[in-house]
Amino acid sequence: MVDLVSVQQNLSMLQGRIARAAAACGRDATAVRLVTVAKTQGVEAVRAAIQAGSLIVGENYIQEARDKFDALGSLPAQWHFIGHLQTNKAKYAVRMFDLIHTVDSEKLAAELDKQARKTGKVQNILVQVNIGAETTKSGVAPDQAIDLIRRIAGYENICVQGLMAMPPFFDAPERARPFFSALRKLRDRIQEEIPVPAQELSMGMSGDFEVAIEEGATLVRIGTAIFGARS
Ligand SMILES: *Cc1c(COP(=O)(O)O)cnc(C)c1O
């Protein structure tokens, strides 16, 4: 069971760590937003996190998110999608999510654009980059990202707000630094070359978010450090 008091304590400890990591590299702590990753957590755990001040809830699975969104969608939090999105679930994603972090094909972008147009929404998205070129991970290859964004930049009902990545897993967070840094450089190139906002960098999880902040993360996605280990 996840209890309100420990979620509150974990969140305030985390906010302190985020603020210190930002200050240590001369960044404003308000430039780093925390996504509370709620996969496998129940409605009451997520309610506790929102009550304790989580402003953004991150979900990996559409069906699981729908149950929680139905119960908690009226509370003052944004909902972000951070899992792999199938094209046939795009319409549900557009209904629920303020930001979809995981767009990695033109086909998915086109479907999100179509579904967003139906509801008169401009859907904010990030392009997921497979920054470590791992065969097991989703995301567009780093050298394909610019091309994909060029192709989808003209869609009127989606807006590319930046990039997301999950580097390879390391026990030592320092080893993830070159991957975070590579994602930031790619983001900077996109901002120079393509007329999209692309200011966001979604990178860093419980084990490595401080390094990600030092490398420019604007969205850190954290589950375990808030709710404890997932069962
Ligand atoms: C589960 C998950 C996270 C959070 O990982 P923790 O190690 O629990 O902080 C972040 N991003 C994605 C895409 C995830 O699936």
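Heavy-atom basis, side chains included; hydrogens, waters and symmetry copies ignored. All ligand and atom numbering here is 1-based and tracks the order in the structure. Keep in mind the model is a prediction, meaning the values are calculated, not measured.
Side chain to side chain, T218 and R33 fail the donor-acceptor criterion of an N or O pair below 3.5 Å. Residues H80 and Q78 bring a donor and an acceptor atom of their side chains to less than 3.5 Å of each other. The closest side-chain donor-acceptor pair between T87 and E111, if any, does not fall under 3.5 angstrom. Q161 and Q199 form a side-chain donor-acceptor contact under 3.5 Å, judged by distance and modelled atom types alone.
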Atom pairs and distances, ligand 1 N/O vs protein N/O under 3.5 Å:
from: ligand 1; atom 1: 8 (O); to: T224; atom 2: N; distance (Å): 2.8
from: ligand 1; atom 1: 8 (O); to: T224; atom 2: OG1; distance (Å): 2.5
from: ligand 1; atom 1: 8 (O); to: R230; atom 2: NH1; distance (Å): 2.8
from: ligand 1; atom 1: 8 (O); to: R230; atom 2: NH2; distance (Å): 3.2
from: ligand 1; atom 1: 9 (O); to: S206; atom 2: N; distance (Å): 3.0
from: ligand 1; atom 1: 9 (O); to: S206; atom 2: OG; distance (Å): 2.5
from: ligand 1; atom 1: 9 (O); to: G223; atom 2: N; distance (Å): 2.9
from: ligand 1; atom 1: 11 (N); to: R221; atom 2: NE; distance (Å): 2.9
from: ligand 1; atom 1: 15 (O); to: K39; atom 2: NZ; distance (Å): 2.6
from: ligand 1; atom 1: 15 (O); to: N60; atom 2: ND2; distance (Å): 2.8

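Note that CZ of R117 is 9.5 Å distant from CD1 of I158, once rounded to the nearest 0.5 Å.
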List the steps, then state whether side chain to side chain contact (heavy atoms under 4.5 Å, CB included) holds for I125 with I152. CA-CA 11 Å; I125 63 164; I152 67 180; 4.0 Å; yes
